[in-house]
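Working notes, beginning with the structure itself.
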Amino acid sequence: MIAMTKFEMVRYLKDYADLQYLMMQHPDQQIGILFDRLMQSKGRFEDDTREYYDRMRRVYMNYNLMKKFSYSEDFLLNRDNYINDNDLDEIIPENTYSTNMGSISKKKLLQLIRNTFNHNDSEDVDRFKMSVNGRKIEIELLSGPVRIKFDTTKLWDVYNNMIKHRRNNLNISFDIPDDFDINSENLFEELDKIKFVHYYFNSALPNLTIAQFNQLDDTRGLSSEEIGQRSEMFENLSSSISSPVKFDLTVEQKKKLESYIRRYRKQNPEFLEEDINNVMFYFLMKVIPVPLLKDWILDNQMIYCERFLEDVNETQNSILKNVHGILRGNNPFNPNDSFDQETFELINKRKPVDNLRFFKDLLDGEMTAGIPIITYIDSVITHCCKEETINIGGIDYSVEKIRNSFAHGRWYITIDNSIMMYDADPRNVQDYNLEFVGKIDIGAFEEWADTFIEQNRKKIDVVRGSYR
């Protein structure tokens with residue numbers, strides 16, 4: 001496989017983040033026009049092509065898929081043992097180059113794929129690679145002379161296989177009392193009533209219990225009342241296994257939630273009849289630094305990038321209009337366009353609450369512009385930075401701690417557009433015993449990443465070879 005360099009991979013992610021920022025600034029301008037403007041402003045006329053645009057999207061989707069895989073593997077196998085090796089299907093991808101693959105268990109292979117992606121800062125070997133066209137991934141495992149190559153379709157198969165055979169569940173909830181007033185003028189104090197609830201299952205669960213959780217979690221086609229009943233049954237089943245642990249919200253979390261609610265009350269009057277718990281769950285999930293709570297964020301990023309950025313004649317506002325039409329039970333797409341109809345079917349078969357959250361995400365600059373910027377910064381820290389400390393805004397930060405925060409998804413965006421970062425014991429029983437790493441302004445963090453890449457380009461822009 002002929003692979004792109006680290007610099008090229010990071011540059012694709014930077015270009016995608018810059019394009020999303022332009023789309024947020026100019027929601028009525030066509031994506032293609034904004035992409036042309038972006039490439040021309042950078043003096044890269046040779047990259048102002050549809051081929052480059054599609055490679056950029058593929059790299060962004062692949063990176064997010066690797067993050068999604070990593071968070072789930074982290075929960076199931078990092079320091080815990082929540083998968084039975086004999087349950088897993090054969091997961092070794094095609095085109096495996098190895099002298100000792102037979103000695104690696106299927107669970108170990110899952111761990112090595114994740115670790116290779118998240119610890120790709122070796123001076124001598126580049127262990128995670130993408131093909132030049134962005135369609136394939138190659139991993140050189142840390143345990144020895146093992147190289148595996150696979151496309152993203154296979155990675156989805158590996159991920160789904162892992163989830164299907166899991167022997168534990170991340171069960172979290174929020175205690176929102178009946179007297180919580182979302183219309184209160186003293187929202188900051190009102191938020192003290194809400195607690196983050198975590199159920200810790202410290203051993204593998206029986207298959208029957210996992211099946212019960214899966215059934216209760218499937219709320220498609222149910223009324224609001226029926227969904228409420230399912231939620232109560234879900235919490236009762238969780239409590240029968242382990243007593244819930246409750247956590248207060250921090251000052252920073254409450255400030256962000258207060259801003260979310262005030263903006264929601266002002267900008268979304270048509271959803272004021274929506275169930276208050278659904279509204280608050282959506283906001284609360286954004287400020288809790290637990291990795292699997294970012295799973296829906298990653299899903300929305302990939303769906304948006306793959307399905308809604310395909311047509312460069314669309315605008316941010318036309319995409320919003322299409323998603324809103326689906327929420328209203330309409331099919332806004334061209335009936336003669338197979339890609340459009342696939343997109344409609346994909347969105348239409350999801351849970352209504354997932355689609356509503358997707359629409360809210362599209363209204364929010366954090367989803368459309370903020371997350372891509374953080375993804376770019378993540379790639380610089382994870383794959384390029386070999387320093388022990390970095391300085392941003394006059395403050396020194398541990399690169400290892402920042403890398404851990406990104407690798408384990410223990411961060412959230414604050415009200416003042418900073419990223420609040422934490423580290424913690426990888427074992428799930430300690431996942432909310434958080435160690436504060438830093439609160440870093442995202443704009444300053446992006447400027448640091450830009451400068452670092454420019455100053456170290458020769459070190460990271462190494463042409464990779466082809467493995468036969």
Side-chain angles (χ1 to χ4, degrees), residues 68 70-84 87 162-178 180 191-219 222 226-250 253 257 275-299 351 353-354 357 408-412 422-435:
K68 181 181 174 72
S70 296
Y71 290 157
S72 293
E73 190 282 335
D74 192 25
F75 171 69
L76 294 170
L77 287 173
N78 192 345
R79 293 290 182 87
D80 305 285
N81 189 16
Y82 297 146
I83 294 179
N84 188 326
D87 291 338
M162 178 174 67
I163 297 302
K164 176 183 177 182
H165 296 294
R166 75 189 190 282
R167 298 291 300 275
N168 206 306
N169 233 42
L170 175 68
N171 283 21
I172 62 173
S173 185
F174 300 100
D175 185 358
I176 305 174
D178 292 338
F180 173 74
L191 287 166
D192 284 331
K193 296 178 180 179
I194 296 178
K195 309 298 179 186
F196 170 50
V197 183
H198 202 321
Y199 299 90
Y200 290 99
F201 306 147
N202 298 331
S203 60
L205 301 175
N207 289 334
L208 178 60
T209 303
I210 295 293
Q212 289 177 299
F213 279 127
N214 289 341
Q215 182 181 15
L216 292 172
D217 191 48
D218 186 359
T219 58
L222 300 182
E226 290 171 324
I227 291 174
Q229 292 172 350
R230 285 282 183 92
S231 179
E232 184 177 349
M233 294 169 65
F234 194 93
E235 292 187 19
N236 288 339
L237 178 57
S238 300
S239 298
S240 70
I241 302 170
S242 175
S243 298
V245 180
K246 296 186 178 184
F247 301 92
D248 293 327
L249 299 175
T250 68
Q253 288 170 329
L257 289 168
D275 182 81
I276 297 302
N277 281 357
N278 284 340
V279 174
M280 291 307 302
F281 268 58
Y282 171 72
F283 293 146
L284 285 159
M285 287 192 299
K286 289 192 168 192
V287 300
I288 302 297
V290 172
L292 286 185
L293 279 181
K294 292 181 172 58
D295 199 59
W296 63 277
I297 294 176
L298 295 171
D299 282 343
K351 299 177 187 176
V353 67
D354 290 337
R357 289 170 180 168
H408 300 291
R410 295 191 174 101
W411 56 265
Y412 68 90
Y422 299 93
D423 195 7
D425 189 310
R427 290 168 293 188
N428 293 307
V429 293
Q430 303 289 339
D431 71 339
Y432 214 65
N433 184 12
L434 302 173
E435 173 191 350

Looking only at heavy atoms, what is the nearest atom pair of Ser72 and Met162, with distance? CB-CE, 3.7 Å
Give, for atom OH of Tyr422 and atom OH of Tyr432, the distance between the pair rounded to the nearest 0.5 Å. 7.0 Å
How many angstroms lie between CZ in Arg357 and CZ in Phe281, if you round to the nearest 0.5 Å? 8.5 Å
Within this structure, what is the CG-CG distance for the pair Leu293 and Leu170, rounded to the nearest 0.5 Å? 6.5 Å
Do the side chains of Asn171 and His198 get nearer than 4.5 Å, heavy atoms only? no
Locate the shortest heavy-atom distance separating Tyr412 from Pro289; write the atom from each residue and the value. CD2-CD, 4.2 Å
Given side chains that start at C-beta, do those of Leu191 and Met280 come closer than 4.5 Å, heavy atoms only? yes
Dump the intermediate steps for side chain to side chain contact (heavy atoms under 4.5 Å, CB included) on Val290 and Asp431, then the final yes or no. CA-CA 7 Å; Val290 172; Asp431 71 339; 4.2 Å; yes
List the atom of Val197, the atom of Asp175, and the distance in Å for their closest heavy-atom pair. CG2-N, 3.7 Å
Once rounded to the nearest 0.5 Å, what's the spacing between atom CG of Leu77 and atom CD1 of Ile83? 4.0 Å
Residue pair Ser242 / Tyr200: nearest heavy atoms and the distance that separates them: OG-O, 2.8 Å
Listing request: all side-chain hydrogen bond (donor to acceptor under 3.5 Å, both in side chains) pairs with a residue in residues 227-237, at least two apart in sequence or in separate chains. Ser173-Glu235
Would you say His165 and Leu76 make side-chain contact, with heavy atoms under 4.5 Å? no
Above 12 or not: heavy atoms from other molecules or residues under 6.0 Å from CD of Glu435? yes
Heavy-atom distance under 4.5 Å between the side chains of Asp248 and Asp192, does that happen here? no
Is the shortest side-chain heavy-atom distance between Ile241 and Tyr199 below 4.5 Å? no
Side chain to side chain contact (heavy atoms under 4.5 Å, CB included) evaluation trace for Lys195 with Leu249: CA-CA 7 Å; Lys195 309 298 179 186; Leu249 299 175; over 6 Å; no
Could you pull out the closest heavy-atom pair between Lys193 and Pro177, with the gap in Å? O-CD, 3.4 Å
Side chains of Val279 and Phe283: does their closest heavy-atom pair fall under 4.5 Å? yes
Distance check, rounded to the nearest 0.5 Å: Leu434 atom CG versus Asp425 atom CG? 11.0 Å
Parallel under 30°, tilted from 30 to 60°, perpendicular over 60°: which one fits the rings of Phe213 and Phe201? parallel
Measure the CG-CZ distance between Asn169 and Phe75 for me, rounded to the nearest 0.5 Å. 6.5 Å
I'd like to check Trp296 versus Lys286 (side-chain heavy atoms, cut-off strictly below 4.5 Å). Are they in contact? yes
Is the side chain of Lys294 donor-acceptor paired with the backbone N or O of Gly409 at a distance under 3.5 Å, no angle test? yes
Which atom names give the shortest non-hydrogen contact between Leu205 and Asn168, and what distance separates them? CD1-CA, 4.1 Å
Could you tell me whether the side chain of Gln253 reaches within less than 4.5 Å of the side chain of Leu284, counting heavy atoms only? no
Pair Phe180-Ile194, side chain to side chain contact (heavy atoms under 4.5 Å, CB included): steps then yes or no: CA-CA 8 Å; Phe180 173 74; Ile194 296 178; 3.8 Å; yes
What class does the angle between the rings of Phe196 and Phe174 fall in, given that below 30° is parallel, 30 to 60° is tilted and above 60° is perpendicular? tilted
